[in-house]
Every structure is written in structure tokens, then in C-alpha cells.
Amino acid sequence: MIFSPHILQVKVITKPKKDEFGRPIPNTGREDWETVCGCRCDDNTTKEFTSDNGSVFRPNYHVVCEKKVSLKAGDEVRCLDGETVRACGTIYTVKSTNYFNYSELWM
């Protein structure tokens with residue numbers, strides 16, 4: 001992709017370690033944001049998805065990634081525009097292309 005002004009990050013949760021009795025050890029678990037790739041994040045106002053049970057879902061953002069990503073529906077991601085957060089949310093669906101090397105996310 002030629003134009004990728006934003007940065008895609010995914011939330012990585014490290015579970016706390018446990019002692020010999022199965023109790024969580026304080027300050028051993030944490031949440032971090034890991035950079036995945038460059039992307040372009042657009043506000044979405046037109047695309048609608050209909051689930052199998054008939055409910056309609058309209059995602060707020062459409063993200064085009066500059067490479068194929070290994071993210072899946074349900075992952076929590078955010079798009080950064082410099083130091084500010086442009087979009088943050090949960091992935092609804094991921095589409096990858098066969099020939100071109102990019103992915104699309106709706107969140």
C-alpha cells in the first residue's frame with residue numbers, strides 16, 4: 001500500500017503468574033499495546049453486515065493494513081495518528097486478499 005499514515009496496534013494481555021496455592025501474584029500481569037503494521041483508518045458510514053440471525057451491524061471504522069495480519073475477530077486494536085488515538089475498538093471481521101499483500105479490518 002502506498003498511503004499508510006497510521007499505525008495499527010493490538011492489545012496483548014499477560015496473565016498474572018500464580019503461586020503454589022493457585023493465587024495470583026501481584027504485579028505480574030499486565031496489558032501492552034504491540035505494533036502490528038502501518039495502516040489507513042477511515043470512518044465507515046456505508047458498509048453494513050448482516051449476521052446469520054438477521055441482526056445488522058454497522059462498524060465505525062474500516063482499516064486497510066499494508067500487509068497480511070494474523071488478527072482475528074474479537075481482538076482489541078487501535079489506530080494511532082502520530083501520538084493520538086484515531087480509532088479504538090474490537091475487530092468485527094477480517095478480510096485478506098490472495099494476490100495482493102494487504103488485509104482489511106472492520107471495527
Side-chain angles (χ1 to χ4, degrees):
M1 179 172 35
I2 297 171
F3 185 66
S4 56
H6 307 119
I7 297 171
L8 180 69
Q9 293 184 331
V10 62
K11 184 186 271 188
V12 178
I13 299 172
T14 306
K15 294 185 179 182
K17 295 180 182 177
K18 297 187 178 191
D19 63 6
E20 64 271 7
F21 300 110
R23 297 177 298 212
I25 300 172
N27 300 326
T28 57
R30 64 183 207 205
E31 296 178 356
D32 291 325
W33 290 98
E34 182 180 297
T35 299
V36 177
C37 62
C39 67
R40 184 186 79 233
C41 178
D42 300 320
D43 291 338
N44 182 47
T45 57
T46 58
K47 184 77 173 175
E48 288 184 350
F49 295 97
T50 305
S51 67
D52 293 335
N53 64 0
S55 62
V56 176
F57 177 76
R58 179 176 283 157
N60 293 329
Y61 297 100
H62 174 230
V63 179
V64 180
C65 303
E66 65 182 5
K67 65 177 188 174
K68 289 186 181 180
V69 295
S70 60
L71 300 173
K72 59 188 178 306
D75 288 345
E76 190 169 344
V77 294
R78 70 179 181 182
C79 293
L80 298 178
D81 187 7
E83 294 295 319
T84 60
V85 177
R86 176 171 171 76
C88 186
T90 304
I91 296 175
Y92 178 70
T93 187
V94 179
K95 302 285 182 179
S96 295
T97 58
N98 292 332
Y99 183 72
F100 298 108
N101 194 26
Y102 74 93
S103 298
E104 292 181 288
L105 313 172
W106 282 272
M107 57 185 222

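- With contacts defined as side-chain heavy-atom distances shorter than 4.5 Å, the pair Glu34/Asp32 does not qualify.
- Side-chain contact between Leu80 and Val85: present, with at least one pair of heavy atoms (C-beta onward) separated by less than 4.5 Å.
- Nearest heavy atoms, Ser4 versus Gly38: CB-C, 4.0 Å.
- With sequence neighbours excluded, the residues forming a ring-ring contact (aromatic ring centres under 6.0 Å, His included) with His62 are Trp106, listed by chain and number.
- The two residues Cys88 and Trp33 make their nearest non-hydrogen contact at SG-CH2, 4.3 Å.
- Around atom NZ of Lys11, more than 12 heavy atoms belonging to other residues, nucleotides or ligands sit under 6.0 Å away.
- Within the hydrophobic cluster formed by Ile, Leu, Val, Met, Phe, Trp and Tyr side chains joined at under 4.5 Å, directly or through other members, Val69 is accompanied by Leu8, Val10, Val12, Val36, Tyr61, Val63, Leu71, Val77, Ile91, Val94, Leu105, Met107.
- Residues Thr35 and Gln9 have side chains that bring a donor and an acceptor to within less than 3.5 angstrom of each other.
- Looking at His6, its side chain never comes within 3.5 Å of a backbone N or O of Cys79 through a donor-acceptor pair.
- Rounded to the nearest 0.5 Å, atoms OG (Ser103) and NZ (Lys67) are 9.5 Å apart.
- Residues satisfying the side-chain contact (heavy atoms from CB on, under 4.5 Å) test with Asp19, not counting sequence neighbours, are Phe21, Arg23, Ile25.
- Separation of atoms SG (Cys37) and CD (Glu66) is listed at 5.5 Å; rounding is to 0.5 Å.
- Counting non-hydrogen atoms of other residues, nucleotides and ligands closer than 6.0 Å to CD of Glu20 gives a total above 12.
- Arg86 has its side chain out of reach of Thr84: every pair of non-hydrogen atoms, C-beta onward, lies at least 4.5 Å apart.
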